[in-house]
Amino acid sequence: MKELAKTYDPKDFEQRIYESWEKDGDFHQEAGTDKPPFTIVMPPPNITGQLHMGHALDQTLQDVLTRWRRMQGYAALWLPGTDHASIATEVRVAEELFEKEGKTKEDLGRDAFLERVWQWKEVYGGRITEQARRLGDSCDWERERFTMDAGLNKAVVEFFVRLYEKGLIYRGNRMISWCPQCGTSLSDAEVEHEDAEGLYWYFRYPLAPGQEGVGSNNQNGIVVATSRPETMFADVAVAVHPDDDRYRDLVGKKVVLPIVGREIPVVADPYPDPEKGTGAVKITPAHDPNDFEVGERHGLAKPVCIGFDAKMTAEAGQYEGMDRYACRDAWVAALTDGGFLVKTEKVVIPTGTCYRCDCVVEPMLSDQWFVKMKPLAEPAIRALQTGDLKFVPERFGKTYLHWMEEIRDWCISRQLWWGHRIPAWYCDSCGKVIVAREAPTVCTKCGAGEASLRQDEDVLDTWFSSGLWPFSTLGWPEDTADLRTFFPTSVLVTGYDIIFFWVARMVVSGLECMGASPFSHVFIHGLVRGADGQKMSKSLGNGVDPLEIVDKYGADALRFMLLHGSAAGGDMRWSEESVVSARNFANKLWNAARFVVMNLDSTRGALPLTRGSGEPADEDRWILGLTARVAGEVTDALEKFELSVAIEKVYDLIRDEYCDWYIEMAKARLYGEDEAAKATVRAVLVDVLSDLLRLLHPFMPFITEEIWGVLGKDGKLICDAWPGGLDSRVKPENDNFSVDAAEAEARIEALKDVVRAVRNIRAEAGTAPGKKVPLVLRVDAAAGMLSEALLGHVKSLAGVSEVTVITDDADVPKDAASAILKGMVAYVPLADLVDLAAEREKLLKEKERLEKFSAQLAAKLANEGFTAKAPPAVVEAERAKLANAEDALAKTNERLEALQG
RNA sequence: GGGGGCGUAGCUCAGCUGGUUAGAGCGCUUGCUCGACAAGCAAGAGGUCACUGGUUCGACUCCAGUCGUCCCCACCA
């Protein structure tokens, strides 16, 4: 048998344990077993990424569920992988290229640049999965996938072509969000919204010559407000509400764009809100989504004055080539000089920024590929309504539903190189588009040769491929055994921040490709915030590196902290102190195990232990019964995804009950002479510890596996059975012992009461720690629950020299400190140490409390409404409480009287 | 403009479908090298559960409103 070091040091074994799990294939799961499947696909981290605290939380939750189900006997598969993260990676590699070689990606050209990215991926892409191993992630690395693997590419093409063939993917010239920095279009979800301080400029657009006299109010033209004066070059109209009397006479007339001199019409349209601004809006269809709509309704042109590089176009005349903001300043100055500025107003302007580079996005008109989402959203909405898809916590279902109901078409093309290239070819001869699974060799429309076919330059939104993750990773579009076994997956674990980006799109694609929601449950967690409550970020400097914490305290401690602090769906705050307490808990368990092992030493070689013919003691029945009960509660909590509740229950059981009480009581027999009793207590110590290790393993896998090994158990804990689980490979070792658990529990609770009471009396009286005190227990005749053996425990646990049990008040000692307990009064006769005045004081306070409490209860029970309407069990419980309180009160009074006399 | 979260001990938070004398960790006070553990043990102090109403026999728990705070969604010149 191995020895345990005196102090818990995770560095001694975490790595070794992990390697042994991985080497032995303990994480691997084959398809086609007869066990029920349990599947989680890991949200694939970006290959650009470093493991951060959010991953640590996300993955720990998944690992707990996977390990627990695996122990329960499920065919548990946790499938890991990484995401190519199109835009993020491209930006990253391009930056590096520029820093190191001063070259842009255009300097290299597409193919050479892509080769670079692949090289980069080879070097850094595996980093994050290495880091995941440090956390103890029990995922099946043999099945690791990457979103640009050949099989997954095939899935992407297949999905694209299918949607295209169904008319759900189309190419259109529409308003999209454009990031000038990244040089690509963005989907709505990729645009973040911030409020920026800004101005409204009110400019006067004069009436065109020859249109005077149209009305009394508008002789000087029309005043419009704008926050973006630089778009004025692309104005094509001024819109007013048809019911707005102020401008009615101007509709159909023309005004002149200041300085530019171009004449534009005044149109009536429902879009302008008469309450806002001046009620008149300048219309710039190419640079504002609303204006675009207005332009469409009125058949207006769509001139462009800001280019894809965020510089002014020729449309801006002398400002051509100028940056959009520089132009704004110059142009406002020119208009002010020209006398067109009426006033300015400070306002908060909602601004869209790129989620990758933070650059202010530009609404742009351009040719892009879109997915028509409405028809795809319908089944996704139904899945939630029918319960095929459930969110935990439920409220996130509402968020999802709301988004689905308001869904708009998804812009999926990106003007990037790194990603899945769009499977569309343009024919130079006939100008038509061919969408195909394989690169065409001739134009299917006009028969032109390969030379006239050009593939679309763009790649797909990175979320287009990750949206297929739950089934592309299992082999789709092929019909594979993996797919048949593990799809649909059981639960998706992720943060609320990517419900729209990712979760919603997986549901849509799953329903479309597989005809089923890709997972039945979505378990949502929140963010790990910095110690200051702010989002962890580099710029704030409040980020904490999980790996440093693992180095310092061990992965188990980090996991414990993350699990314990995370109520479902809510954000949690980082606290290193909590990791320290978790580490301390691990140390506690470590030492408890050390104690057990030390005491098994004398019987080295006798394992596996049997309980022999020894009779179980009350404390044996108690701890065995309690452990079995808590195991059930932990299982229930895990079923409900209440991981923090589950871990807390295991924690309490180990720390409070097993360590603080059971082990202390076990010492009596361990250090005694009775060999049969010794064998029994050893067996129970080991059996209960084994169950505790099983219960704790999903949460703290390393320390539990290590101790398991030291106990000399057969096989590994990771492969062992969950107490009361599906699998009967290992029977709960407590079975033949679970007798009278309830009665034993009552006795042990009574014992604890007595011990605590004596300890309290000793502490208050300032009794010297080593000094033994006598104890007199006045018990109610019927309540003689404490056996000789238990009284023995009282002696050792409370520092008592002798216990005298009496049933007659006449025998109550004088000058004793006392404590009134359920069915008993404990007296510690210590004439020299007892402060009778203080004792009286305490009793009076107690009396007052009890009087108040029983009066409350009596009133409640006297209330007919209560007795009639409350459930009988509740009424019964209240009656019992009252009886106890009255009993305690009577005893308190007796005691007070005795003190008087 | 919609939608949602949160406000419980000095600090960080648990308290699920209403019935507990309202809990934990950290911190605090006091005392402990007694054969697993000072990363420990024991005993304590500390809360009118944001506020106001309502439903109920009964509300920290449900409902409405108020205040404070945070977040998400939305094309406001």
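Side-chain atoms are counted along with the backbone in the values below, which use heavy atoms only and exclude waters and symmetry mates. Chain letters run A, B, ... following the sequence lines, proteins first and then strands; every chain starts at 1.
With both ends at atom C1', the span from B/rC11 to B/rC67 equals 24 Å, rounded to whole Å. Taking atom P in both B/rU33 and B/rG19, the straight-line distance is 45 Å, to the nearest Å. With both ends at atom C1', the span from B/rU21 to B/rC49 equals 15 Å, rounded to whole Å. Between B/rA74 and B/rG15, the two P atoms lie 31 Å apart (nearest whole Å). A distance of about 34 Å separates the C1' atoms of B/rA43 and B/rA50, rounded to the whole Å. B/rC16 and B/rU8: their P atoms are spaced 15 Å apart (whole Å).
When distances are taken from the side chain of A/Lys881 to each of B/rC16, B/rA36, B/rU20, the shortest belongs to B/rU20. Checked against B/rC72, B/rG19, B/rG4, the side chain of A/Phe500 finds its nearest nucleotide in B/rC72. The side chain of A/Lys588 sits closest to B/rC37 out of B/rC32, B/rC73, B/rC37. Distances were taken from every side-chain heavy atom of A/Arg573 (C-beta onward) to each of B/rC13, B/rC73, B/rA39; the shortest belongs to B/rC13. Side-chain proximity of A/Ser581 to the nucleotides B/rG25, B/rC32, B/rA36 is greatest for B/rG25. Across B/rC16, B/rA74, B/rA43, the shortest atom-to-atom separation from the side chain of A/Glu642 is found for B/rC16. Taking every side-chain heavy atom of A/Ala763 into account, B/rA43 is the closest of B/rA43, B/rG31, B/rC37. Nearest nucleotide to the side chain of A/Val874, out of B/rG19, B/rA39, B/rC32: B/rG19. Taking only side-chain atoms of A/Lys6, from C-beta outward, the nucleotide of B/rC73, B/rA38, B/rG31 with the closest atom is B/rA38. Nearest to the side chain of A/Asn587, among B/rG19, B/rA36, B/rA39, sits B/rA39.
Stacking between A/Tyr671 and the base of B/rG35 is present: ring centres sit under 5.5 Å apart and the planes differ by under 30 degrees.
Between the side chain of A/Glu664 and the base of B/rA42, no donor-acceptor pair of N or O atoms lies under 3.5 Å. Put simply, the side chain of A/Arg759 and the base of B/rA43 share no donor and acceptor less than 3.5 Å apart.
With ring centers used as reference points, A/Phe699 lies 6.0 Å or more from A/Phe560. The ring of A/Phe641 has its center closer than 6.0 angstrom to the ring center of A/Phe523.
Within 4.0 Å (heavy atoms only), A/Lys667 reaches at least one base atom of the nucleic acid. When heavy atoms are screened at a 4.0 angstrom cut-off, A/Ser227 is found touching the sugar-phosphate backbone but no base atom. At the heavy-atom level, A/Phe292 lies nowhere under 4.0 Å from the strands shown. Residue-level contact check: A/Gln534 touches neither bases nor backbone, having no heavy atom under 4.0 Å from any strand. When heavy atoms are screened at a 4.0 angstrom cut-off, A/Pro871 is found touching base atoms of the nucleic acid. The residue A/Tyr200 sits close only to the backbone: its heavy atoms come under 4.0 Å of sugar-phosphate atoms, none of a base. Using a 4.0 Å heavy-atom criterion, one finds that A/Asp660 contacts the sugar-phosphate atoms exclusively. Counting non-hydrogen atoms under 4.0 angstrom, A/Ser644 reaches nothing in the nucleic acid. Contact annotation for A/Arg849: base contact, defined as any heavy-atom pair under 4.0 Å involving a base atom. If you check every strand for non-hydrogen atoms under 4.0 Å, A/Thr399 touches nothing. Residue A/Arg395 is classed as a sugar-phosphate contact, given heavy-atom separations below 4.0 Å to backbone atoms only.
Comparing A/Thr867 and A/Trp661 against RNA chain B, the residue whose closest nucleotide sits nearer the 5' end is A/Trp661. Taking for each of A/Pro289 and A/Arg655 the nucleotide of RNA chain B with the nearest heavy atom, the 5'-most of the two is the partner of A/Arg655.
Listed by chain and residue number, A/Arg655, A/Cys659, A/Asp660 satisfy the side chain to side chain contact (heavy atoms under 4.5 Å, CB included) test with A/Lys588 (two or more places apart in sequence, or in another chain).
Note on ring orientation: taking the six-membered ring where Trp is involved, the planes of A/Trp201 and A/Phe203 are parallel (angle under 30°, cut-offs 30° and 60°).
A/Asp188 has a carboxylate O that lies under 4.0 Å from a charged side-chain N of A/Arg408, or vice versa, which qualifies the two as a salt bridge. Checked for salt-bridge contact, A/Lys845 and A/Glu848 miss the test: no charged N lies under 4.0 Å from a carboxylate O. Taking the charged nitrogens against the carboxylate oxygens, A/Glu878 and A/Lys860 do have a contact shorter than 4.0 Å, which makes a salt bridge.
In this structure, B/rG1 forms a base pair with B/rC73, meeting either the Watson-Crick or the G-U wobble geometry with both donor-acceptor distances under 3.5 Å. Remark: B/rG10 base-pairs with B/rC26; criterion is Watson-Crick or G-U wobble with both hydrogen-bond distances under 3.5 Å. Shown here, B/rC32 forms a base pair with B/rG40; the pair counts as Watson-Crick or G-U wobble because both key distances fall under 3.5 Å. Across all strands shown, B/rG54 is found opposite B/rC62 as a Watson-Crick or G-U wobble partner, with both distances under 3.5 Å.
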Apply side-chain contact (heavy atoms from CB on, under 4.5 Å) to A/Asp273 and A/His241, showing your working.
CA-CA 7 Å; A/Asp273 180 345; A/His241 194 93; over 6 Å; no
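For the ring pair (Phe, Tyr, Trp, His ring centres under 6.0 Å) with A/Trp403, the qualifying choice from A/Tyr496, A/Trp410, A/Phe500, A/Phe501 is A/Phe500, the only one to do so.
At the phosphate of B/rG40, OP1 or OP2 sits under 4.0 Å from a side-chain N or O atom of A/Asn584.
Only at 4.0 angstrom or more do the heavy atoms of residues 552-563 of chain A sit from any atom of RNA chain B, so none qualifies.
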